[in-house]
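Both counts, for ligands and for their atoms, begin at 1 and track the order of listing. The figures that follow rest on heavy atoms only: side chains count, while hydrogens, waters and symmetry mates do not.
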Amino acid sequence: MKATIATLPGDGIGVEVVAEGVKVLQAVAEKYGHQFAFEHHLIGACAIDATGASLPDETLAACKQANAVLFGAVGDPKYDAPTAPVRPEHGLMALRKELGLYANLRPVHVYPALMGISPLRPELLEGVNLVVVRELTGGIYFGPRREATDKDLTAHDTMVYSADEVRRIAHLAFQLARQRGRASGGSKVTSVDKANILASSRLWRRIVTEVAAEHPDVTFETLLVDAATMHLLRRPRDFDVILTTNLFGDILSDEASMLAGSMGLLPSASLGAGDLGLYEPIHGSGYDISGKGIANPLATILSAAMLLRHSLKLEKEAAAIEQAVETALEQGYRTADIAGPTTTAVSTQQMGDAVIAALAEEIRCTY
Ligand code: NAD
């Protein structure tokens, strides 16, 4: 098939990991006879430096024209001052909003080869296979806000949800639970809110409960977010689909990344009504390791697999990448974030090469 993929490396380690994602997609294209055209565009701090805008019009237009977007990360310390008039992160939020990508899927898979590197005991991790479904274009990240000034040191952010916004993400979560068809324990949706305190959470719970009634074959439960953070560590195997708001999903998925062992392992897909999606690692621009060639590219490579699955409907190719990642880990390849004290770490590029080698091996085995 022919497809155009807009690549937005962004800032810091985003540039390093997207290069590996593109490399793996090129290898998939060659091996399976597809034609992928990659178009690179600016977003974030590098875009502010070049154009003054964190999401240049040209970048937005190119993303709208593409079949899918592969994204790295945005963020640079020089734009961290509270008084900065334009921030790199605003470019990504605007892009998600403009593309109508209201659902962010963050799967958490625990690799047997990496059981030892999670801070959790292996017996808690066996069989963990969950996905966080985070609402992405509403809630406190998009509600009215007021910045503090030197004269008035008060500020506010507002969490706003409409019934329609909650309903569409809830439907997606229940459909996903059904598709996943979890073998043990059956399909389940856990909706996470703060309904004992927040009015927007009480609406959230009301609407999600209505949607749950339309899916009687899927087990449904609600948890308050404070309890959810605890249960995620105490009994992670019990979760299947975790459905939650923009803010809580952001926090819970970083916590969940520690089940897998590193931020550098978790991919994500941001989806809307059509096939166009944006695929990105859950991590940021990694100020502390940027430019050293040591970032883990697997989250981005696994995001590329999600791109093939969700936007291009290439399930076999997506599964081949996921298997190649698993193989590379089983063969002992480790970047610094997942290497133990006695293991020699490979570079970002070497990890990308190891995945491509495993992919080639896998394809040979299928003939
Ligand atoms: P971060 O995710 O960049 O880093 C957190 C920690 O995880 C760091 O110690 C980093 O070295 C490590 N880490 C992250 N990704 C890794 C990888 N692939 N391999 C190995 N180690 C990895 O979060 P932060 O330090 O809080 O934020 C840095 C910047 O990134 C900020 O400007 C923040 O706003 C931005 N950010 C952007 C996004 C995004 O673009 N989607 C998401 C989160 C944070």
Pair up each side-chain donor or acceptor in residues 60-73 with any protein partner under 3.5 Å, not counting sequence neighbours, and list the distances.
residue	atom	partner	partner atom	Å
Asn67	OD1	Thr4	N	2.7

With a 4.5 Å heavy-atom cut-off, do Ser187 and Asp240 have their side chains touching?
yes
Is the shortest heavy-atom distance from the side chain of Phe36 to the side chain of Leu308 under 4.5 Å?
yes
Quick one: sort the His310 and Tyr279 rings into parallel, tilted or perpendicular, breaks at 30° and 60°.
parallel
N/O pairs closer than 3.5 Å, ligand 1 and protein:
residue	atom	partner	partner atom	Å
ligand 1	2 (O)	Gly284	N	2.7
ligand 1	3 (O)	Gly284	N	3.4
ligand 1	3 (O)	Ser285	N	3.3
ligand 1	3 (O)	Gly286	N	2.7
ligand 1	9 (O)	Asp288	OD2	2.8
ligand 1	11 (O)	Asp288	OD1	2.8
ligand 1	11 (O)	Asp288	OD2	3.1
ligand 1	15 (N)	His283	ND1	3.4
ligand 1	18 (N)	His283	NE2	3.1
ligand 1	18 (N)	Asn296	O	3.0
ligand 1	19 (N)	Asn296	N	2.9
ligand 1	30 (O)	Ser285	N	3.0
ligand 1	30 (O)	Ser285	OG	3.3
ligand 1	32 (O)	Glu89	OE2	3.0
ligand 1	32 (O)	Tyr287	OH	2.5
ligand 1	34 (O)	Glu89	OE2	2.4
ligand 1	40 (O)	Val74	N	2.9
ligand 1	41 (N)	Glu280	OE1	3.2

Start with the C-alpha gap between Ile169 and Tyr102, add the side-chain angles, then the distance that decides, and say whether side chain to side chain contact (heavy atoms under 4.5 Å, CB included) holds.
CA-CA 7 Å; Ile169 187 86; Tyr102 64 84; 4.2 Å; yes
Go through Tyr111 and His109 one step at a time and tell me if the ring-ring contact (aromatic ring centres under 6.0 Å, His included) criterion holds.
CA-CA 6 Å; Tyr111 293 94; His109 179 74; 4.6 Å; yes
